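Being a predicted model, the structure only gives us computed values, none of them experimental.
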Amino acid sequence: MMLNQAAMGEVSNHRVACVTGGAKRIGRALVLALHQANYNIIIHYHTSESEAMELVDYCNAIRPQSAKSVQGDLENFETLPQLTWRIINSFGRLDCLVHNASRFYPTPFGQIFQQDWQNLFLTNAQTPLFISQYLYPYLKKSQGCIISILDIHANGKPFGGYTVYNMAKAAHQMMVQSLAIELAPDIRVNGIAPGINILPIEGSEQALTAETIEKICHAVPLKRIGTPQDIAQVAVFLAAAPYITGQIIAVDGGRSLTLAGSESR
């Protein structure tokens, strides 16, 4: 699926980055950091319309016509071609694709259902691959890059009780390494593996107690929880690093050095 320039309208002179799941939390930090690095920004969202619109307005107030949003359900495979068309149609080019959107919930063994497999593999493995494939011609034209947000538990240190999530993120990590070879020398492909860089939303099923948070901080060599901005700074670095590809950078305060397999966060 390749658009002609007439269909796309005017092509931006600025570099353009698209962040999936870019309206909130880590996605928001990625958007703000890339925008500050002088990228025009495409904010993908699924249901977080108000947050996406607020972020678009914020970025455009800083630099007019520098941010747009696109809505799309990454779990609906049939609509991905239309979504990627809207991404390219936003500014007429793409220089950096950030795979940030993700689903995360426990799947205790004995209580795993096919729908869990579908939910977690779609957003964490299948969709990043096919969006990359659809957008490949545009990234190749700009000699651009792909950056994937992964997880320290994807690299041989599984998170207990999250078997399907671990498997999906491990598949995504292998996608990064495989595409780094297959798309070179035109497109660089790298990953970022967070540790605890943001806490689950208070009141959600993933919310942590104060005792658990203190335990986590004690287990991190730097003795603190990271921030979304820590991840975003590395994304900006990777977007501008012309001789780095196929690498997974852990942004975890050293947690992956002390983490045993099957250990919880």
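Ile112 and Met167 fall within the same hydrophobic cluster, defined by Ile, Leu, Val, Met, Phe, Trp and Tyr side-chain heavy atoms under 4.5 Å apart, directly or through other members. No continuous path of ILVMFWY side-chain contacts below 4.5 Å connects Leu183 to Met174, so the two sit in separate hydrophobic clusters. No chain of hydrophobic side-chain contacts below 4.5 Å, direct or via other Ile, Leu, Val, Met, Phe, Trp or Tyr residues, connects Ile41 to Met53. Cluster annotation: Val164 and Leu122 are assigned to distinct hydrophobic clusters (Ile/Leu/Val/Met/Phe/Trp/Tyr, side-chain heavy-atom contacts under 4.5 Å, transitive). In terms of hydrophobic clustering, with Ile, Leu, Val, Met, Phe, Trp and Tyr side chains grouped at heavy-atom distances under 4.5 Å, Tyr105 and Trp117 are assigned to a common cluster.
One N or O on the side chain of Thr20 and one on the backbone of Ala101 form a donor-acceptor pair closer than 3.5 Å. Counting only distance, with no hydrogens or angles, the side chain of Gln247 and the backbone of Thr245 share a donor-acceptor pair below 3.5 Å. The closest donor-acceptor contact from the side chain of Ser48 to the backbone of Tyr45 lies at 3.5 Å or more, if one exists at all. For the pair Asp95 (side chain) and Val16 (backbone), a donor-acceptor distance under 3.5 Å is present. For the pair Asn100 (side chain) and Ile149 (backbone), a donor-acceptor distance under 3.5 Å is absent. Side-chain atoms of Arg15 come within 3.5 Å of backbone N or O of Ala37 as a donor-acceptor pair.
Of the residues Arg63, His35, Arg93, the one that meets the side-chain hydrogen bond (donor to acceptor under 3.5 Å, both in side chains) test with Asn40 is Arg63. Looking at Asn89, Leu83, Ile88, Ile43 one by one, the single match for side chain to side chain contact (heavy atoms under 4.5 Å, CB included) with Val70 turns out to be Leu83. Checking Asn155, Asn124, Asp151 one by one against Lys169, the side-chain hydrogen bond (donor to acceptor under 3.5 Å, both in side chains) holds for a single residue, Asn124. Partner of Ile146 under the side chain to side chain contact (heavy atoms under 4.5 Å, CB included) criterion, out of Leu139, Val176, Val98: Leu139 alone.
Taking the side chain as every heavy atom from C-beta outward, Leu238 and Cys145 never approach each other to under 4.5 Å. The side-chain heavy atoms of Leu74 and His44, taken from C-beta on, include a pair separated by under 4.5 Å. When side chains are defined from C-beta on, Asp252 does not count as touching Leu259, because their heavy atoms never get closer than 4.5 Å. Within the 4.5 Å cutoff, the side chain of Cys217 has heavy atoms near those of the Ile225 side chain. His14 has its side chain out of reach of Ser66: every pair of non-hydrogen atoms, C-beta onward, lies at least 4.5 Å apart.
Between atom CG of residue Leu94 and atom OH of residue Tyr138 there is a gap of 10.0 Å, rounded to the nearest 0.5 Å. How far CG of Leu179 is from CZ of Arg188: 14.0 Å, rounded to the nearest 0.5 Å. Asp73 CG to Thr127 OG1: the interatomic distance, rounded to the nearest 0.5 Å, is 8.5 Å. Atoms CD and CD1, on Gln126 and Ile131 in that order, are 10.5 Å from each other to the nearest 0.5 Å. Rounding to the nearest 0.5 Å gives a distance of 10.0 Å between CG of Leu129 and OH of Tyr134. Annotation: the span from Lys68 atom NZ to Cys18 atom SG amounts to 13.0 Å, rounded to 0.5 Å.
Tyr165 and Tyr162 have perpendicular rings, their planes meeting at more than 60° on a 0 to 90° scale where under 30° would count as parallel. Classified by interplanar angle (parallel below 30°, tilted 30° to 60°, perpendicular above 60°), the ring pair His172/His99 is perpendicular.
Among all heavy-atom pairs drawn from Leu55 and Val31, the shortest one is CD2-CG1, 3.7 Å. Between Arg103 and Leu120 the shortest heavy-atom distance is O-CD2, 3.4 Å. Heavy atoms only, all atoms of each residue included: Val56 and Ala67 are closest at CG1-O, 3.5 Å. When all heavy atoms of Arg255 and Ala219 are compared, the pair lying nearest together is NH1-CB, 3.4 Å. For the pair Asn60 and Gln65, the tightest heavy-atom approach, listed with the atom from each and the gap, is OD1-N, 3.4 Å. Residue Gln177 comes nearest to Ile248 through the heavy atom pair NE2-CG1, 4.3 Å, listed as atom of the first residue, atom of the second, then distance.
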Next item on the list: Might you work through the side-chain contact (heavy atoms from CB on, under 4.5 Å) test for Val236 and Leu34, ending with a clear yes or no?
Entry: CA-CA 6 Å; Val236 172; Leu34 288 163; 4.1 Å; yes

Note to self: Run Tyr136 and Asp186 through side-chain hydrogen bond (donor to acceptor under 3.5 Å, both in side chains) and show every step you take.
What the structure shows: CA-CA 10 Å; Tyr136 164 72; Asp186 300 306; 4.5 Å; no

Next item on the list: Please lay out, stage by stage, how Asp230 and Thr227 fare under the test side-chain hydrogen bond (donor to acceptor under 3.5 Å, both in side chains).
Entry: CA-CA 5 Å; Asp230 295 323; Thr227 68; 3.2 Å; yes

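By the 6.0 Å contact criterion, CD on Gln71 is enclosed, its count of non-hydrogen atoms from other residues, nucleotides or ligands being greater than 12. Counting non-hydrogen atoms of other residues, nucleotides and ligands closer than 6.0 Å to CD of Gln133 gives a total of 12 or fewer. Atom CD of Glu54 sits in a crowded spot, with more than 12 heavy atoms from other residues, nucleotides or ligands closer than 6.0 Å. With a 6.0 Å radius and a threshold of 12 heavy atoms from other residues, nucleotides or ligands, Gln118 has its CD atom above the threshold.
Salt bridge annotation for Glu51-Arg25: absent, with no cationic side-chain nitrogen under 4.0 angstrom from a carboxylate oxygen.
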